[in-house]
Amino acid sequence: MKMRQLWMLALTCMPALASAQTGTANEPVSYIGGEICNPRLHDGGFRYAIGTENIQVMRANRSHPEEAEGYGWTYNHAANITYWRGKFYLEYLSNPIDEQQPPGQTLLVTSADGRNWSRPIVAFPPYKAPEGVTIPKPYYGYIMHQRMGFYTAPNGRLLVVAFYGHSYNPFKEGGIGRVAREVKEDGTLGPIYFIRYSSHTSWNETNTSYPFYTSSKDKGFKEACKALLNDKLKTLQWIDEDRGLDGFYHLKDSINRVQATSYFHRRDGKVVALWKWSYAALSADEGETWSTPVRVPSLIMAGGKQWGQRTADGRWAICYNPIETQPYRYPLVAITSDDGITFDSICVVHGEVPPRRFMGENKDFGPCYVRGITEGETTPPGNDLWLAYTVNKEDVWVSRVPLPMKTTWSGEVDDNFDDLAPHAPVPHWNIYRPRWAEVYVNDSHQLCLTDSDRYDYARAIRVFEAKSEVEIALDVMVKEEGEAPFEIDVTDRHGERIACLHLSKGAMTLCGQPVGTYTCGQWQRISLHLGNGQVTFGNQTVAALHSAKAPERLSLRTGDYRCLPDRQTPNQDPCPPLPGCDERVAPTTILIDNVKVK
């Protein structure tokens, strides 16, 4: 773009910026923290939301589909989550390899506690057109798309919903329609019905594969569908695929700027709608009318979803990827607010980016397309924020974020895990739990890290009070030693490693220097002293890896430190699956106890 064009574009933006006032239609929300992402680090260099647990729901596996969802499909995305009658439900769409390439289906998983999930079942199978109905040009197959997953109706019925469309573009003329079916309390699913056809096309009951909902004999199901269709806030989540040529939507968006709606009520009662690319709008009448969508300059993001909601502690959170690079959607962060208008305290929810095992079209790196439990759905027990998303658009994850979100710790740390039930959540520890690299409290009340994943690791982080001089001690046993090394890192608030104690094949190195040995199956007391740019282990002192103002985090990890993929890693260069990625390796098991920081 020429300089004159850039200058004219800047002039057109100036009046809106000059008249913007936080909380008004010109700036419905604002982030005032000022911290921005360090693109060099997977966690962006931000502080962590203390106590967050990242849980892998489904690990894609092409060679052994019985280890995954039963099909071996490796494009998995668009996770949606809800809670209903004592159980979590999570929906995601799935394609064999690539985004928006046929066939496509939608899968459903459940959990009683959000931490242990069932095997997926098919909620909406690949679409099969009625006999004699052909695919219109230029489309060439059928796929699924969805921004909304669940609806709990006023009569108590739970609907799972999704959208059928054509490849490669299911939007507008490429769409067919929205489908819904009932989720029964016994885990079975009712029949599939169309609940709304695309307003851009001529699809109807005569030329589609499923009947229209009004033909159902179930009065309660029809009441639930009608209630959903009349809910202007819930159905605004549908606007991506069908822009409502029939006037269905009350939002005026003539240039189709808004995508992936989330919404919440602020403390003042107004509704905030959030979309990709930092867009937001306000409604003072429950979605009957909306202000013109505007870009919020303090929310830095690209085409990943942003999610906003009121949290169980009476505050608000917005979750998103805080960087403008489209194919590199990491980390996943949250900002918080007391009024739903002014947000601060940015913190990491998910800061890990494992290697992408399977190349596929538009499989962006990192945790992306985050969704929480929509307003009006049942709030789960406990005091946590629950989020669903996918990583590298191949694995499905959830996060349990304790409330209120905290990023700093005061006082000493003395954790022995004695009061914790086996496999219970671990308070104050940030846990990263892939399916093949678990972190849990065992029957002996020790923290156990296991790892049989060639390309990922188990990780546990303990935030402590930042001081220029720190004493850290913990008991460690390498119970089983497979391929994965074990590393104990001490970092500052930005994730810069001050010290790294590396255990592998019986040898210990500290910041790259040999400092001793260990024996598998035997406990060893590890003591580190950090201060004045040095690290002491036993009677040996070495220079710190990096200079930092103050240590603040203890990181335990069954694998080497990783910084790849980075923002230069090719996203679309064809490549085979990573060697052996569908096979477990010999396990590593680490036991941890009596962690003290002072």
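Because the structure is a prediction, the values reported are computed rather than measured. Each residue takes its place number in the sequence, starting with 1.
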State yes or no: are the ring centers of Trp307 and Tyr320 separated by less than 6.0 Å? no

Exactly one candidate in His200, Lys172, Arg178 meets side chain to side chain donor-acceptor pair (under 3.5 Å) with Glu241; the answer is Arg178

With sequence neighbours excluded, tell me which residues meet ring pair (Phe, Tyr, Trp, His ring centres under 6.0 Å) with Tyr71. Trp73

With a 6.0 Å cut-off on ring centres, are His42 and Tyr330 close enough? yes

So, for Tyr75 and Phe358, is the gap between ring centers shorter than 6.0 Å? no

Any Lys/Arg nitrogen of Asp395 or Arg435 sitting under 4.0 Å from an Asp/Glu carboxylate oxygen of the other? no

Measure from the ring center of His77 to the ring center of Tyr92 and say whether it is less than 6.0 Å. no

NZ/NE/NH1/NH2 to OD/OE distance under 4.0 Å, Asp242 and Arg196: yes

Ring center gap for Tyr127 and Tyr142 short of 6.0 angstrom: yes

Using 30° and 60° as the class boundaries, would you call the ring planes of Phe124 and Tyr164 parallel, tilted or perpendicular? perpendicular

Which side-chain N or O atoms in residues 134-141 pair as donor and acceptor under 3.5 Å with protein atoms at least two apart or in another chain?
residue, atom, partner, partner atom, Å
Tyr139, OH, Gly174, N, 3.2
Tyr140, OH, Gln101, OE1, 2.9
Tyr140, OH, Gln101, NE2, 3.4

For the rings on Tyr328 and Phe365, is their centre-to-centre separation under 6.0 Å? yes

